[in-house]
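Values in this document were obtained by computation on a predicted structure and should not be read as measured data. Chain letters run A, B, ... following the sequence lines, proteins first, then strands; residues in each count from 1.
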There are 2 protein chains.
Amino acid sequence: MVTKQFNGSPEDADLRRADSLAREIFSDVANKWAFLIIEALGERTLRFTELRDEIEGISHKMLTQNLRMLERNGLVERRVHPTVPPRVEYTLTESGQGLRATVDAMCGWTQRYLSHIEAARRRFDA
Amino acid sequence: MVTKQFNGSPEDADLRRADSLAREIFSDVANKWAFLIIEALGERTLRFTELRDEIEGISHKMLTQNLRMLERNGLVERRVHPTVPPRVEYTLTESGQGLRATVDAMCGWTQRYLSHIEAARRRFDA
DNA sequence: CTGTATCCCTTCTGATACTG
DNA sequence: CAGTATCAGAAGGGATACAG
């Protein structure tokens with residue numbers, strides 16, 4: 001997709017727009033924190049604080065920022081309970097679950113090739 | 001994986017090291033340019049310039065930088081032909097092909113939910 | 001052709017403080 | 001508890017020049 005070539009003809013305009021949007025989505029989503037959030041929300045709904053505790057090393061700011069982005073793209077649903085103190089829950093939507101499958105696949109890949117990669121690094125660094 | 005919790009016991013040390021490495025790999029690879037490079041190298045070996053032409057918008061610098069990273073992690077093999085001018089070819093290794101499968105899946109996901117996402121954005125931005 | 005190095009601007013990120 | 005705003009340092013990224 002993202003590497004498709006165009007010839008400049010008028011009928012390419014739609015394809016070009018779709019491609020540019022796909023690129024944009026790709027750039028939004030293909031980032032470490034987004035993946036980790038999707039992974040964490042895999043099975044269950046979580047509150048803001050629970051998410052932050054679950055994802056080691058994420059800052060308050062990065063978490064809100066990425067949650068907004070995921071919400072904007074319709075991957076995550078944000079439910080606010082009008083209580084005090086507030087209670088906000090995040091859940092993966094259908095499309096979020098769809099992406100989760102590929103994130104899971106990537107986690108599996110990481111596990112499978114862990115030692116392989118470690119070895120490659122040692123070789124390279126020498 | 002990456003969201004696993006530890007209890008601090010000594011026997012957790014190995015798990016913790018593996019997890020930290022997995023995290024590191026995740027951070028390296030879960031980035032836009034790396035994905036686009038892997039996607040471009042999907043079927044065939046490509047030269048440096050061919051890659052740059054294939055991936056719209058990538059700069060000389062980002063391409064070398066990401067190729068080095070992918071090579072270091074053993075996802076891409078770099079073959080130099082000692083000719084003049086030089087000819088350098090990049091190919092996906094076995095582990096690279098493994099990751100490619102998940103990148104492909106993500107491209108498929110993007111296509112499938114393109115209009116869905118576009119709609120979600122319009123809703124959110126209002 | 002491929003690759004490294006440099007300059008310079010932009011974006012990212014974490015820490016902190018402050019609101020409802 | 002959840003979220004926003006701000007600041008400063010780090011990293012990302014483009015352009016250019018130069019070497020093998």
Measure the distance from CE on A:Met69 to C1' on D:dT4 and round it to the nearest whole Å.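 To the nearest whole Å, that distance equals 18 Å.
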Salt-bridged, A:Glu54 to A:Arg44, with N to O below 4.0 Å?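 Answer for the salt bridge query: yes.
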Could you tell me whether the side chain of A:Asn73 and the main chain of A:Leu75 form a donor-acceptor pair under 3.5 Å?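 Flag not set: sc A:Asn73 to bb A:Leu75 has no pair under 3.5 Å.
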A:His81 NE2 - D:dA2 P separation (whole Å):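 Interatomic distance, NE2 of A:His81 to P of D:dA2: 11 Å.
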B:Glu71 and B:Tyr90: side chain donor to acceptor below 3.5 Å: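 On atom types as modelled, these side chains do not qualify, holding no pair under 3.5 Å.
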Looking at the side chain of B:Pro86, which of C:dG3, D:dC1, D:dG20 is the nearest nucleotide?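 Nearest nucleotide to the side chain: D:dG20.
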Hey, is the side chain of A:His60 pairing donor to acceptor with the base of D:dG3 inside 3.5 Å?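 Checked by distance alone, the answer is yes.
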Using whole Å, what does the distance between atom P of nucleotide C:dT11 and atom CG of A:Asp28 come to?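 Checked: the CG to P distance equals 14 Å.
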C:dG3 C1' sits how many Å from B:Tyr90 OH, rounded?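 Whole-Å distance recorded here is 8 Å.
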Base, sugar-phosphate, or nothing: which does A:Arg68 touch, judged by heavy atoms less than 4.0 Å apart?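 The residue A:Arg68 makes sugar-phosphate contact but no base contact.
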Between atom CE in B:Met62 and atom C1' in C:dG3, what is the gap in whole Å?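 In whole Å, C:dG3 C1' lies 14 Å from B:Met62 CE.
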Side chain of A:Thr49 only, please: which of C:dC1, D:dG13, D:dA2 is the nearest?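 Nucleotide nearest to A:Thr49's side chain: D:dA2.
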Grab the CD-C1' distance between B:Glu89 and C:dG3 for me, whole Å please.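 My rounded result for the distance is 17 Å.
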Judged by atom type as modelled, is there a donor-acceptor pair below 3.5 Å linking the side chain of A:Trp109 to the main-chain atoms of B:Arg100?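 Checked: no pair found.
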Taking the minimum atom-to-atom distance to the side chain of B:Thr64, which one of C:dC7, C:dG3, C:dG14 wins?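 Among C:dC7, C:dG3, C:dG14, the one nearest the side chain of B:Thr64 is C:dG3.
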Rounded to the Å, how far apart are B:Leu67 CG and C:dT4 C1'?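 It works out to 14 Å between those atoms.
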Nearest-nucleotide pick for A:Val88, side chain only, options being C:dC1, D:dG3, D:dC7: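 Shortest atom-to-atom distance from the side chain points to D:dG3.
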Between A:Arg47 and D:dA2, is there a contact of a side-chain N or O with OP1 or OP2 at under 4.0 Å?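 Indeed, a polar side-chain atom of A:Arg47 lies that close.
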Gap between atoms CZ and P, on B:Arg87 and D:dG20 respectively (whole Å):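 Checked: the CZ to P distance equals 23 Å.
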Give a yes or no answer on whether the side chain of A:Thr102 reaches the backbone of A:Gly98 with a donor-acceptor pair at less than 3.5 Å.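 No, the answer is negative, given that no donor and acceptor are paired below the 3.5 Å cut-off.
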D:dG3 phosphate, OP1 or OP2, under 4.0 Å from A:Arg78 side-chain N/O: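 For A:Arg78, the contact criterion (side-chain N or O under 4.0 Å from OP1 or OP2 of D:dG3) is met.
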First encountered from the 5' end of DNA chain C, between B:Phe48 and A:Asn66: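 With A:Asn66 and B:Phe48 compared, the 5'-side residue is B:Phe48.
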